[in-house]
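Written out below as structure tokens is the structure these notes cover.
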Amino acid sequence: MRAIQISSLDGPAAVELVEVAEPEAAGGDIVIDVKAVGVSFVDALMTRGQYQVRPELPFVPGVEVAGIVRSAPAGAAVQAGDRCAAYVPRGGYAEVVAAKPAVTFPLPDELSFQQGAAFAMNFQTVHFALVRRGRLRAGEHVLVHGAAGGVGTAAIQVAKGLGATVTAVVDSAATVTVAETAGADHVVVAEEGWADAVRAAAPHGIDVTVDPVGGEYFANSIRLLRPEGRHLVIGFAAGGIPEIAVNRLLLKNIEVAGVYWGGFVERDDSIAAASAAELSRLAREGFVRPVVGGVYPLADAAKALQAIEDRATSGKVVLDVAAIG
């Protein structure tokens with residue numbers, strides 16, 4: 001089968017299209033004929049060895065796929081012929097993958113395969129973030145950073161589905177419509193005075209912040225939280241890992257909570273099925289509609305990864321496995 005391989009840690013341009021053996025369904029795995037693969041900032045980091053997980057070279061990257069089940073063990077949530085979305089620790093940039101039943105989900109009829117490429121990780125991550133780590137309640141106000149990206153647009157939609165008001169922060173005026181299309185109530189451009197604009201949109205303060213960006217926006221985000229607010233740390237797309245004087249947490253009774261869904265499900269995958277069921281309900285009700293940005297053939301994975309690294313994308317970037325590059 002065709003697959004994209006990382007054989008050196010020299011960045012996106014060094015990935016290669018190769019022929020490798022198809023995976024086998026060892027230990028009750030589900031075998032999936034892949035139709036679409038999600039491309040993420042994590043993948044771009046892995047091309048340079050900058051992610052916390054560093055597989056032995058060479059390896060096939062990619063953690064979220066959508067496709068059709070080729071085979072599945074009895075009792076799995078999907079069976080042969082079903083449309084599905086799945087999370088795999090790696091190996092997603094390929095025509096065939098093997099996935100664990102606990103992290104393979106029926107793909108709602110309302111979603112295309114390309115949209116499904118965001119369903120198994122991005123949407124699971126933000127659902128885990130908002131519900132378990134952020135304890136979001138209907139009627140609360142959520143602030144979403146990086147709101148035009150794959151995680152950001154997912155966070156907007158899940159928060160709206162859970163009954164929250166959402167203020168979205170985007171990096172430029174050109175991406176305002178992306179956050180609006182995702183369902184944000186208010187959109188703020190990350191320029192001078194952005195924090196004042198958020199205060200105007202949320203005069204009583206922010207209850208929960210979804211932050212996949214980090215960097216210089218962190219400190220102001222903490223100041224924007226109301227007493228007992230929660231700041232959810234999902235990533236550091238801005239490049240800098242911020243620090244905080246913890247007396248700020250004490251004085252306002254606020255929390256900074258880490259969110260690492262992939263690491264959590266490796267230890268306890270029981271949460272995945274419940275989240276998938278809830279996300280499927282939100283898809284049926286029209287809240288969950290993954291925003292697909294750039295779509296590339298599998299052979300053009302290097303271009304997709306470079307676009308992610310250059311922050312030249314919006315929505316979810318996807319590899320179309322059937323397309324000819």
Side-chain angles (χ1 to χ4, degrees), residues 30 32 34-46 51-53 55 60-67 77-78 83-94 97-108 111-133 144 146 149-158 182 210-212 232-237 258-280 282-283 288-293 301 304-305 308 313 315-319 321:
I30 295 171
I32 301 167
V34 179
K35 300 298 183 183
V37 187
V39 182
S40 71
F41 190 65
V42 166
D43 302 334
L45 290 174
M46 292 182 82
Y51 190 57
Q52 58 256 39
V53 178
V60 176
V63 298
E64 50 189 337
V65 303
V78 294
R83 300 166 74 247
C84 71
Y87 165 79
V88 290
R90 57 183 175 271
Y93 286 23
V97 301
K100 299 297 182 185
V103 285
T104 303
F105 323 109
L107 182 61
L111 305 185
S112 68
F113 286 121
Q114 291 181 0
Q115 290 174 316
F119 192 71
M121 187 182 75
N122 277 13
F123 276 83
Q124 282 264 343
T125 294
V126 298
H127 187 266
F128 172 70
L130 290 167
V131 173
R132 184 169 183 127
R133 305 296 289 137
V144 178
V151 171
T153 51
I156 292 169
Q157 294 185 354
V158 174
V210 177
D211 185 8
L232 306 176
V233 178
I234 295 182
F236 311 103
V259 178
Y260 181 23
W261 178 82
F264 191 97
V265 296
E266 287 180 8
R267 294 184 294 106
D268 179 8
D269 58 20
S270 65
I271 65 165
S275 287
E278 177 71 2
L279 291 167
S280 294
L282 294 179
V288 166
R289 289 291 185 275
V291 178
V292 177
L305 287 163
I308 291 279
T313 65
K316 184 64 180 178
V317 177
V318 174
L319 300 178
V321 174

Q: Using modelled atom types only, decide if a donor and an acceptor are shared between the side chain of R83 and the backbone of L111 within a distance under 3.5 Å.
A: yes
Q. How far apart are the closest heavy atoms of A304 and V317, and which atoms are they?
A. CB-CG1, 4.0 Å
**Q.** Nearest non-hydrogen partners of V318 and A36, listed with the distance
**A.** CG1-CB, 3.8 Å
**Q.** Shortest non-hydrogen contact from A98 toward V88
**A.** O-CG1, 3.7 Å
Q: Measure the shortest side-chain to side-chain distance between V233 and D211 over non-hydrogen atoms and say whether it is less than 4.5 angstrom.
A: no
Q.
Return the CZ to CG distance between F123 and L279, rounded to the nearest 0.5 Å.
A. 7.5 Å
Q: Could you check if a side-chain atom of L319 sits within less than 4.5 angstrom of a side-chain atom of V39, using non-hydrogen atoms only?
A: yes
Q. Could you give the distance from CG (L305) to CE (M46), rounded to the nearest 0.5 Å?
A. 11.0 Å
Q) If you look at every heavy atom in V37 and A117, which pair is closest and at what distance? A) C-CB, 3.7 Å
Q | S280: partners by side chain to side chain donor-acceptor pair (under 3.5 Å), with sequence neighbours left out | A | none
**Q.** Any donor-acceptor N/O pair, R289 side chain to A283 backbone, under 3.5 Å
**A.** yes
Q. So how far is it from S40 OG to N122 CG, rounded to the nearest 0.5 Å?
A. 7.0 Å
Q) V321 versus K35: any side-chain heavy-atom pair under 4.5 Å? A) no
Q: Return the minimal non-hydrogen interatomic distance between V291 and A182, and the atom names on each side.
A: CG2-CB, 4.2 Å
Q. Can you name the closest pair of heavy atoms from D43 and G38 and give their distance?
A. OD2-O, 3.7 Å
Q.
The criterion is ring-ring contact (aromatic ring centres under 6.0 Å, His included); which residues satisfy it with F264, sequence neighbours excluded?
A. F128
Q: Could you tell me which residues satisfy ring-ring contact (aromatic ring centres under 6.0 Å, His included) with Y87, sequence neighbours excluded, listed by chain and number?
A: W261
Q: For the residue pair V210 and L130, establish whether any side-chain heavy-atom pair is separated by less than 4.5 Å.
A: yes
Q) Got a sec, which pairs hit salt bridge (charged side-chain N to carboxylate O under 4.0 Å, His left out) with one end in residues 259-278, sequence neighbours left out? A) E278-R281
Q. Just by distance, do the side chain of T153 and the backbone of G150 share a donor-acceptor pair under 3.5 Å?
A. yes
Q. When rounded to the nearest 0.5 angstrom, what is the spacing between CD1 in I271 and NE2 in H127?
A. 9.5 Å
Q) Out of curiosity, I308 CD1 to L45 CG, how far, rounded to the nearest 0.5 Å? A) 10.5 Å
Q | Partner residues of K316 under the salt bridge (Lys or Arg N to Asp or Glu O under 4.0 Å) criterion, sequence neighbours left out | A | E64
Q.
Can you list everything that forms a side-chain contact (heavy atoms from CB on, under 4.5 Å) with A85? Sequence neighbours excluded, please.
A. L107, F119, A120
